[in-house]
Trainee: 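To start, I am sharing the structure in question, which I have written as structure tokens.
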Amino acid sequence: GAGVSQTPSNKVTEKGKYVELRCDPISGHTALYWYRQSLGQGPEFLIYFQGTGAADDSGLPNDRFFAVRPEGSVSTLKIQRTERGDSAVYLCASSLNQDTQYFGPGTRLTVL
Amino acid sequence: AQSVTQLDSQVPVFEEAPVELRCNYSSSVSVYLFWYVQYPNQGLQLLLKYLSGSTLVKGINGFEAEFNKSQTSFHLRKPSVHISDTAEYFCAVHQGGSEKLVFGKGTKLTVNP
């Protein structure tokens with residue numbers, strides 16, 4: 001079946017702009033996660049949804065970052081007033097039983 | 001806070017040689033352990049996982065890992081590597097009661113002919 005999909009695959013924006021990154025989880029997966037992977041590093045947790053609600057947003061670096069999952073399926077990660085330090089690959093994962101997370105291909109964000 | 005250490009950032013090896021990629025984690029409480037592989041410009045693919053039971057876990061592509069609670073380690077092994085195993089490998093831990101994965105910094109495995 002279809003895996004986790006993320007759009008766009010690449011996003012180039014200018015400093016100060018607003019961006020939205022989209023994640024489509026595996027059908028039926030109730031848990032959805034966002035991670036950020038900087039160059040040469042492992043992924044770092046940002047936020048976790050169980051259904052429509054954000055169950056843990058402790059990894060969001062500041063209030064410029066926000067994520068929603070209004071219908072318990074697709075999620076959007078929103079970044080306001082982007083900074084060059086936000087450049088990274090943003091990974092989405094989904095899970096059925098909260099024990100194994102399946103990752104999408106990621107969105108590479110470049111802030112010029 | 002939970003942490004994961006992958007001591008080797010790069011491991012070069014010749015084709016058909018054995019390889020071990022090391023992973024240590026900080027917590028001694030109940031954890032789930034994972035190895036993921038990331039091929040160039042791709043997302044993370046699950047190689048294998050330890051949730052409970054047998055400490056020797058077999059995964060895809062001929063990889064296996066052994067959970068050692070006393071040493072808080074979960075080293076990844078393969079008896080004979082192929083060129084196609086060239087990729088970056090990430091060890092991750094999921095502590096009971098927390099839904100997030102904590103990843104190591106990764107080990108870049110390069111298999112040379």
Side-chain angles (χ1 to χ4, degrees), chain A residues 2-10 21 23-26 29-51 53-61 67 69 88-108 110, chain B residues 1-10 21-26 30-53 57 59-60 65 67 74 76 87-109:
Chain A
V4 177
S5 63
Q6 294 186 244
T7 53
S9 56
N10 279 284
L21 311 179
C23 172
D24 271 280
I26 294 171
H29 281 195
T30 55
L32 186 146
Y33 311 78
W34 284 98
Y35 292 83
R36 179 168 71 173
Q37 186 176 18
S38 300
L39 196 62
Q41 302 294 318
E44 293 178 314
F45 171 79
L46 293 176
I47 187 169
Y48 153 62
F49 287 91
Q50 182 58 248
D56 181 356
D57 64 358
S58 62
L60 294 178
R69 195 186 184 198
V89 176
Y90 289 81
L91 296 168
C92 176
S94 70
S95 172
L96 180 60
N97 298 320
Q98 284 84 51
D99 62 15
T100 302
Q101 296 178 26
Y102 298 91
F103 283 80
T107 294
R108 183 176 298 276
T110 303
Chain B
Q2 185 71 260
S3 67
V4 176
T5 302
Q6 292 182 246
L7 287 169
D8 307 303
S9 59
Q10 297 191 52
L21 306 183
R22 296 180 291 169
C23 173
N24 288 87
Y25 61 95
S26 62
S30 176
V31 293
Y32 297 156
L33 295 155
F34 303 83
W35 277 98
Y36 285 86
V37 59
Q38 188 173 39
Y39 298 102
N41 299 314
Q42 294 188 27
L44 296 168
Q45 180 181 357
L46 181 67
L47 263 183
L48 48 78
K49 61 184 177 183
Y50 171 79
L51 304 181
S52 65
V57 179
I60 62 171
F67 169 57
F74 190 55
L76 181 71
E88 190 148 23
Y89 292 79
F90 292 93
C91 180
V93 61
H94 174 196
Q95 185 173 336
S98 167
E99 299 305 326
K100 63 184 180 184
L101 286 175
V102 176
F103 285 84
K105 291 188 175 183
T107 297
K108 193 165 293 186
L109 175 66

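From a predicted model like this one, the values you see are computed outputs, not experimental measurements. Just so it is clear: chains get the letters A, B, ... in the order the sequence lines come, proteins before strands, and each one is counted from 1.
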Trainee: So which atom in Ile26(A) and which in Ser94(A) form the shortest heavy-atom distance, rounded to 0.1 Å?
Mentor: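 That closest heavy-atom pairing would be N-OG, 3.3 Å.
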
Trainee: Is it the case that the side chain of Gln6(B) and the backbone of Gly106(B) share a donor-acceptor pair, with hydrogens and angles ignored and the cut-off at 3.5 Å?
Mentor: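 Yes; at least one donor-acceptor contact below 3.5 Å.
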
Trainee: Tell me every residue that passes ring pair (Phe, Tyr, Trp, His ring centres under 6.0 Å) with Phe34(B), counting only those two or more places apart in sequence or in another chain.
Mentor: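 Scan of Phe34(B) (ring pair (Phe, Tyr, Trp, His ring centres under 6.0 Å), adjacent residues dropped) gives none.
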
Trainee: State which residues pass ring pair (Phe, Tyr, Trp, His ring centres under 6.0 Å) with Phe90(B); sequence neighbours excluded, sorted by chain then number.
Mentor: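 Phe90(B) satisfies ring pair (Phe, Tyr, Trp, His ring centres under 6.0 Å) with no residue once adjacent residues are dropped.
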
Trainee: If I measure from the heavy atoms of chain A, does Leu44(B) come under 4.5 Å with its side chain, its backbone, both, or neither?
Mentor: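 Answer is both: backbone and side chain atoms of Leu44(B) are under 4.5 Å from chain A.
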
Trainee: Measure Gln50(A) against the heavy atoms of chain B and call it side chain, backbone, both or neither at under 4.5 Å.
Mentor: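 Looking at Gln50(A), nothing touches chain B.
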
Trainee: Check each atom of Ser9(A) against the heavy atoms of chain B and say whether the ones under 4.5 Å are side chain, backbone, both or neither.
Mentor: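 The answer is neither part of Ser9(A).
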
Trainee: Only pairs of heavy atoms separated by less than 4.5 Å count here; which of Pro43(A), Pro105(A), Gly106(A) has the most with chain B?
Mentor: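 Between Pro43(A), Pro105(A), Gly106(A), the count favours Pro43(A).
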
Trainee: For Lys100(B), is it the side chain, the backbone, both or neither that has a heavy atom under 4.5 Å from a heavy atom of chain A?
Mentor: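 For Lys100(B), backbone and side chain are both near chain A.
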
Trainee: Could you have a look at Arg108(A), Gln101(A), Gln41(A) and say which one has the most heavy-atom pairs with chain B under 4.5 angstrom?
Mentor: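 Top count of heavy-atom pairs under 4.5 Å with chain B: Gln101(A).
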
Trainee: Given that the side chain runs from C-beta out, which part of Leu101(B) has a heavy atom under 4.5 Å from chain A: side chain, backbone, both or neither?
Mentor: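 It is both, since atoms from each part get that close.
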
Trainee: For atom CG of Leu39(A), is the number of surrounding heavy atoms from other residues, nucleotides or ligands below 6.0 Å larger than 12?
Mentor: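 Open.
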
Trainee: Judged by atom type as modelled, is there a donor-acceptor pair below 3.5 Å linking the side chain of Gln6(A) to the main-chain atoms of Cys92(A)?
Mentor: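 Flag set: sc Gln6(A) to bb Cys92(A) pair under 3.5 Å.
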
Trainee: Picking from Lys108(B), Gln38(B), Gln45(B), which has the most non-hydrogen pairs under 4.5 angstrom with chain A?
Mentor: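 Between Lys108(B), Gln38(B), Gln45(B), the count favours Gln38(B).
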
